[in-house]
Amino acid sequence: MNAPHPAAMQRQQLYRDMDPLNLTPLWEVLHALVPPQPASPCVAALWKYEQVRPFLMRAGDAITAEEAVRRVLILENPALRGQSCITQSLYAGLQLILPGEVAPSHRHTQSALRFIVEGSGAYTAVDGERATMAPGDFIITPSWTWHDHGNEADGPVVWLDGLDIPMLRFFDAGFAENGTARSQTVSRPEGASFARYGHNMAPLRHDAPFGATSPIFSYPYARSREALEQLERDAPIDSWDGVKLRYLNPLTGGAPMPTMATYMQKLPAGFSGKPWRQTDGAVYSVVEGTGVVHIVQGETVQRFDFGPRDHFVIPSWHTARFESAPGCVLFSYSDRPVHQALGIHREERLS
Ligand code: GTQ
């Protein structure tokens with residue numbers, strides 16, 4: 001056996017001696033700290049709704065919405081189990097509310113989006129205004145606004161919760177409060193926000209009622225779908241995204257929430273897309289149709305066959321491409337507004 005190199009021994013001695021002072025040498029970790037390209041610890045993953053749904057319904061038997069406060073099964077990234085996140089910055093969960101139930105009023109600094117997956121007629125209330133849910137609707141709970149959910153319909157309602165929980169945890173900026181009333185008092189008629197801000201018009205002396213968040217907190221599916229359908233008929237199809245639109249904060253033209261951007265896209269029948277990658281990892285909810293996403297990261301090649309109500313995650317800088325024989329509609333969200341605010345967003349469209 002060779003004797004240890006004197007320089008190596010000298011270094012090891014240095015590390016041991018300074019360790020009690022909480023000092024550590026950069027040169028041992030520099031490559032990992034400043035990687036040549038993003039090396040996400042997340043992996044791509046798919047949750048088939050037919051496999052998840054039975055557990056949601058069992059959760060419905062096991063605990064009430066009121067007792068759980070929020071009866072949600074978290075979609076955890078398989079490589080980050082125990083951390084309650086689907087990417088390093090984003091949270092995703094499927095929330096169930098049964099007929100007659102109420103999820104009590106609370107507020108928190110985390111922003112939330114709801115994307116309705118199954119069932120109709122439940123509501124979420126934000127700052128005194130209710131939004132009734134239907135599949136494909138995209139609903140926002142702005143940071144620090146009181147919100148409760150309820151189901152006055154006759155079947156279960158399930159939606160995807162997308163929150164910036166891991167981001168706020170990273171910044172140690174999470175605050176929360178429980179409401180005193182079980183559900184908040186309704187003080188504005190349903191649709192008031194949409195009437196004020198949802199028609200490419202705005203009140204003359206408007207403020208921004210929810211700060212950096214969109215004053216529209218419900219974006220109904222019928223409207224989004226109609227736009228995509230018309231574009232599919234009349235406009236060129238993008239070779240990477242099919243027909244893809246981003247949801248807007250009408251007061252700023254930016255994303256509806258300061259931390260999360262949301263998108264809806266339609267892949268036409270027979271679509272075979274080109275590959276792309278981007279720094280913002282994204283979570284997808286399949287609305288209609290079926291398709292395939294191929295995801296490549298280094299040596300790892302994955303193929304997910306998806307259908308309605310399935311969910312999947314494409315992590316940062318993983319190369320993805322879509323195919324759909326019958327055509328499909330996909331909702332997605334990511335932390336892109338944060339990347340853009342920091343000037344670090346990158347996207348590559350490959351051929
Ligand atoms: O509905 O307020 O999935 O506070 C996680 C945390 C939902 C909610 C979640 C929450 C909520």
Side-chain angles (χ1 to χ4, degrees), residues 47 49 52-53 55-57 59-60 62-77 80-98 101-119 122-133 137-152 156-171 173-184 210 213 217-218 256-260 262 283-285 309 311 313 331-335:
W47 289 264
Y49 195 64
V52 173
R53 193 180 189 280
F55 293 106
L56 269 172
M57 296 307 145
I63 192 164
T64 64
E66 186 132 19
E67 194 184 350
V69 182
R70 298 294 183 263
R71 190 203 284 116
V72 179
L73 300 185
I74 304 174
L75 307 182
E76 278 198 327
N77 193 286
L80 303 174
R81 293 306 309 273
Q83 297 182 43
S84 304
C85 56
I86 190 158
T87 68
Q88 296 229 86
S89 59
L90 297 173
Y91 162 102
L94 289 170
Q95 179 157 178
L96 167 69
I97 187 152
L98 293 169
E101 287 192 322
V102 165
S105 184
H106 72 186
R107 63 176 177 174
H108 38 71
T109 47
Q110 290 83 358
S111 295
L113 68 88
R114 330 280 171 193
F115 186 71
I116 318 313
V117 169
E118 177 186 340
Y123 65 84
T124 190
V126 173
D127 259 6
E129 183 178 335
R130 282 185 178 182
T132 304
M133 299 171 163
D137 292 354
F138 156 54
I139 291 174
I140 298 175
T141 309
S143 173
W144 208 239
T145 51
W146 293 108
H147 54 285
D148 51 76
H149 318 299
N151 185 350
E152 295 173 351
V157 176
V158 176
W159 64 82
L160 171 69
D161 279 327
L163 287 92
D164 54 12
I165 288 174
M167 232 185 285
L168 270 77
R169 182 167 61 190
F170 174 77
F171 289 121
F175 293 87
E177 237 173 52
N178 287 324
T180 44
R182 193 159 158 266
S183 14
Q184 58 186 284
F210 302 129
T213 301
F217 60 85
S218 175
M257 287 154 289
T259 48
M260 293 182 285
T262 48
V283 180
Y284 288 78
S285 181
R309 301 170 176 170
H311 293 85
V313 56
F331 171 84
S332 58
Y333 68 98
S334 82
D335 57 359

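For clarity, every value in this text was computed on a predicted model and none was experimentally measured. By convention here, the first residue in the shown sequence is residue 1. In each ligand, atom 1 is the first atom listed, and ligand 1 is the first ligand listed.
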Report summary line: With heavy atoms and a 4.0 Å threshold, my read on which part of R71 contacts ligand 1 is neither
Query raised in the report: For H149, is the nearest heavy atom under 4.0 Å from an atom of ligand 1?
Result: yes
Query raised in the report: Got the closest protein heavy atom to atom 5 (C) of ligand 1, with its distance?
Result: Y91 OH, 3.5 Å
Requested in this report: May I ask you to list the atoms of ligand 1 that are less than 4.0 angstrom from any heavy atom of V72?
Outcome: 3 (O)
Query - L160 and its side chain to side chain contact (heavy atoms under 4.5 Å, CB included) partner, picked from F115, F138, Y284 - result: F115
Query raised in the report: Side-chain contact, heavy-atom cut-off 4.5 Å: V117 with H311?
Result: yes
Query raised in the report: Numbering the atoms of ligand 1 from 1, which are under 4.0 Å from a heavy atom of Q95?
Result: 1 (O), 7 (C)
Requested in this report: Check for a donor-acceptor pair, side chain of T109 on one end and backbone N or O of F175 on the other, with a separation under 3.5 Å.
Outcome: yes
Requested in this report: Could you tell me whether the side chains of W159 and D161 share a donor-acceptor contact shorter than 3.5 Å?
Outcome: yes
Query raised in the report: Backbone, side chain, both or neither: what part of L163 comes under 4.0 angstrom of ligand 1, heavy atoms only?
Result: side chain
Query raised in the report: Who's the nearest protein heavy-atom neighbour of atom 4 (O) of ligand 1, and how far?
Result: H108 NE2, 2.9 Å
Requested in this report: Specify whether H147 and H149 have parallel, tilted or perpendicular ring planes, treating 30° as the upper limit for parallel and 60° as the lower limit for perpendicular.
Outcome: tilted
Query raised in the report: Hey, are Y49 and E118 close enough side-chain-wise for a donor-acceptor pair under 3.5 Å?
Result: yes
Query raised in the report: Short question: side chain of E101, backbone of A65 - any donor-acceptor pair under 3.5 Å?
Result: yes
Report summary line: heavy-atom search around atom 8 (C) of ligand 1 in the protein gives R70 NE, 2.9 Å
**Report entry** Under 4.0 Å to a heavy atom of H106 - the qualifying atoms of ligand 1, by number
**Finding:** 2 (O), 4 (O), 8 (C)
Query raised in the report: Tell me, which protein residue and heavy-atom name are nearest atom 7 (C) of ligand 1, and how many Å apart are they?
Result: D161 OD2, 3.2 Å
